[in-house]
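Here the structure is a predicted model, which means the values were calculated and not measured. Order of the sequence lines sets the chain letters (A, B, ...), proteins ahead of strands, with each chain counted from 1.
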Amino acid sequence: MADVGAKSSTNFIKEIIDADLKVGKNEGRVHTRFPPEPNGYLHLGHAKSICLNFGLAIEYGGLCNLRFDDTNPTKEEPEYVESIIGDIKWLGFDWGDRLFYASSYFDQLYEFAVKLIKHGKAYVCDLSAEEIRKTRGTLTAPGTNSPFRDRTPEENLDLFERMRAGEFPDGSRVLRAKIDMASGNLNMRDPVMYRILRASHHRTGDKWCIYPTYDFTHGQSDSIEGITHSICTLEFEAHRPLYDWYVEALGIHHPQQIEFAPLNLSHTVLSKRKLLRLVAEGCVGGWDDPRMPTISGMRRRGYTPEAVRAFCERIGVAKRESLVDTALLEHCVREDLNRRAPRVMAVIRPLRVVIDNYPEGQVEELEAINNPEDPAQGTREVPFSRVLYVEQDDFREDPPGKFFRLSPGREVRLRYAYYITCVDVVKDAATGDVIELHCTYDPETRGGWAPDGRKVKGTLHWVSAEHALDGEVRLYDHLFTKPDPVDVEGADWLSNLNPRSLEVLTGCKFEPSLAGAKPGYRCQFERQGYFCADKDSSGKSLVFNRTVSLRDTWAKIEKTQAGR
RNA sequence: UGGGGCGUCGUCAAGCGGUAAGACACAGGAUUUUGGAUCCUGCAUUCGGAGGUUCGAAUCCUCCCGCCCCAGCCA
C-alpha cells in the first residue's frame, strides 16, 4: 500500500489544477469526489476514476469525498452501496468521514428549485413525456416552447408544492428549467428538473413522491460539498453548460467540471448496463464471477489492489477514446505477484509416474524455495516418493524440436528432487492414451544437481501421489473473442462471448503445504501461473482460480512451429 | 445538415515553436534448478490529409477527412 498516492506522471487534469493553484483559485484547495450511483457493482472503469479522484486528492494534499448519486429510487439498492464501499476500501482508498448521499440534499435541492421558480427560471409543465420528446426538436431542428412555459411564478410555486404534496399522478407533470428550446445543445432545451415518482427510496423511504433528475442534482451536490474539480467522463461534456447554468442561476459555489475518456479494455465490456445483462442472462456466475471486470470479480480471481492501481496509473488520463490491451492489465498483475506470491507445486492435468528404482515405501522431504524473488519468504519441505504426478503436457512420446521435457529415453530434472529418465510408457489399450510413465532416478542428483556436472534442459514440477491434495482448478480466458466485443454490425454483442472462457479441471493434485489454504490465498503454481484459492474451497477439496498464466515462451515456439 | 469533443508506433501515452519520452505488445540475444523472473538490443526521418506562417511546426493559421457523444420524466 506504500504506493497509494505515489507521485504519478502528469496529465491534462493536473495541468489544469496546477494552473488553478498558481492563480490562487479555490483558496488553494483541491477537493474531488467519486460519485457512483448505487445501481450496480463497480468495475475497472470505475477503478480508473477512483484512482484518479482519490489520487489527485492525496497528491495535492486535498480531500476526496465518496458520494452516492442516488436520485433514481427505482434502480438503487442498499446491496449496491455496500459492495461499492467494500470495493473502494479494498482498492486502498479512504474518504474519512465524508460519506455522502445526494438524497441527503433533497430538501436543499427542493429549495433551489423554488428559488429558480421565483426567479422565473423554472416552470411546471403538464406535457406528457411523449409530448416533451416531440417538442424537443431534433439534432438539426429547434424545439418548440411548451404551452405552459409562461405560467407565473406564483402559479408554478403552487403547482410545484402540490406536486410535492402528492396531488398529481406519476408522470403527469414535471418541473422544467426555462432555458432555450432553440439551443444547439439539446440539454439546454428546457430540461426536466423534477419528476413525480411514487417509489420508495433506499435512504429517504416514502418522504418524497417527486425526485430531482441527475442533471439537477449532480452539479449542485458538488457545489454543496465545496468540490473544486468535478472530474467525470466524456459523455457529460455536453451537460456542463447546463450544470454551469444551474449554479450560476442559483448563485452558489461553482465547481469546475473536467471530463476524461472512460476506460475501454480489450476482450471485455466496461459498462454497468452490459455487465448487468451478463449477470441477468446467466452468461456468468454473478457480479463476482472471476471473468467479470468488476472489482469483486477481479478480487475473487486473485488480482491485487496494488496491481489494479498500477494499471490505472499506467494507462494514463486523456480525452481521446481508447481501447487498452488486456495484456497490460495482465502484465501489472504478474509484476506484482511475481515479487509477492509464494511458489508451490501443483499438477493440474496429472500423469502418473513410477520411479522404478526408488525404494518402495520410502519418503524424503526435499527443501524447496518459497520465492526466489524474496529470500525472506524462506523454504519449505516437499515430500518425494516412488509414485508421482507430473503434467501431461510435460511428456511427449514423439517430441517436436526444441521440446525439452520428458520423452522416451530422455533425462530431465524434477524440481528440487532428482534427475529422472523415462524408460517405459504405459498406454490405455482401448484409447491409446498414455496413462503412466516408468522412469528411473539417479540417486546422485538429489536436490537437482548432478555431481558429474551433466546438464538437463528441462525442469518439471511434480507432486508425490500419496501426499497429494485433491481439488479443482478453474482456468479463465477472455470473456469475449473480439478485442472490441461491441463492434458488431446488426448482431448482438453477446454473440462475441467466448464459449471457452471458463475451463474447469478436476482431479488436480496439489502439494501438501497447500492444506487449509483460505479463500483469497494467492500463490504461484510453478511453471503455470498465479492462482487464488476460491471461496468454493472446502476442507476436503481445494478450488483454485487461475489469476493469470505465466508468460509461456514454449507455447509461442510451439505456435510458430505449428504455423510452418 | 445543429451542438460538443477527439485524431502522435500494433495498443496506451508524453510532447505546449527548436528538430518524436516512456510503458505494454512484438522480435533478437545473455542468463537461468520455474521454457518464470532478470538483463541487454531492435522497434514512428514521422505526428489523420493538404496548404500556409516561420531560419525552424506534432506543436501556430486555413481548409479538408475520419471517429465519438447528445433528441431518458437514466446516470
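- Every residue two or more places apart in sequence or in another chain was checked for a ring-ring contact (aromatic ring centres under 6.0 Å, His included) with A/F100, and none qualifies.
- If you check residues 256-271 of chain A against RNA chain B, you find no residue with a heavy atom closer than 4.0 Å.
- Taken residue by residue, residues 133-149 of chain A places heavy atoms nearer than 4.0 Å to RNA chain B at A/R133, A/R136, A/T138, A/L139, A/T140.
- Remark: A/S322 pairs with A/V324 by the side-chain contact (heavy atoms from CB on, under 4.5 Å) rule, at least two apart or across chains.
- Qualifying side-chain contact (heavy atoms from CB on, under 4.5 Å) partners for A/T553, counting only residues two or more places apart in sequence or in other chains: A/I557.
- Checking B/A25, B/C12, B/A71 against the side-chain heavy atoms of A/V324 singles out B/C12 as nearest.
- Heavy atoms of A/I132 sit under 4.0 angstrom from at least one base atom.
- When the P atom of B/C69 is taken as reference, atom CG of A/N185 falls 16 Å away, rounded to whole Å.
- Looking at residues two or more places apart in sequence or on another chain, you find a side-chain contact (heavy atoms from CB on, under 4.5 Å) between A/L550 and A/Q524, A/Y530.
- Listed by first then second residue, pairs satisfying ring-ring contact (aromatic ring centres under 6.0 Å, His included) with a partner in residues 256-276 of chain A read A/H267-A/H478, not counting sequence neighbours.
- Candidate nucleotides B/A25, B/A13, B/A75 were compared by shortest atom distance to the side chain of A/S322, and B/A13 ranks first.
- Side-chain proximity of A/H331 to B/C73, B/C24, B/A14: nearest is B/C24.
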Protein-nucleotides 35-37 of chain B N/O pairs under 3.5 Å:
residue : atom : partner : partner atom : Å
B/G35   : OP1  : A/R527  : NH1          : 2.9
B/G35   : O2'  : A/T553  : OG1          : 3.0
B/G35   : N7   : A/R405  : NH1          : 2.3
B/G35   : O6   : A/F404  : N            : 2.9
B/G35   : N1   : A/K402  : O            : 2.5
B/G35   : N2   : A/K402  : O            : 2.9
B/G36   : OP1  : A/T553  : OG1          : 2.3
B/G36   : N2   : A/E373  : OE2          : 2.8
B/A37   : OP2  : A/R551  : NH1          : 3.1
B/A37   : O2'  : A/N338  : ND2          : 3.2
B/A37   : O2'  : A/E373  : OE1          : 3.2
B/A37   : O2'  : A/E373  : OE2          : 3.0

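- Between the side chain of A/E235 and the base of B/C70, no donor-acceptor pair under 3.5 Å is found.
- With sequence neighbours excluded, no residue satisfies ring-ring contact (aromatic ring centres under 6.0 Å, His included) with A/W449.
- Applying the 3.5 Å distance criterion, the base of B/C73 shares no donor-acceptor pair with the side chain of A/R176.
- In terms of phosphate contacts, A/R320 brings a side-chain nitrogen or oxygen within less than 4.0 Å of OP1 or OP2 of B/U8.
- Residues satisfying the ring-ring contact (aromatic ring centres under 6.0 Å, His included) criterion with A/Y419, sequence neighbours excluded, are absent altogether.
- For A/R320, the side chain to side chain donor-acceptor pair (under 3.5 Å) test picks out no residue, with sequence neighbours left out.
- Every pair passing salt bridge (Lys or Arg N to Asp or Glu O under 4.0 Å) that includes a residue from residues 69-81 of chain A is listed here, sequence neighbours excluded: A/R67-A/D69.
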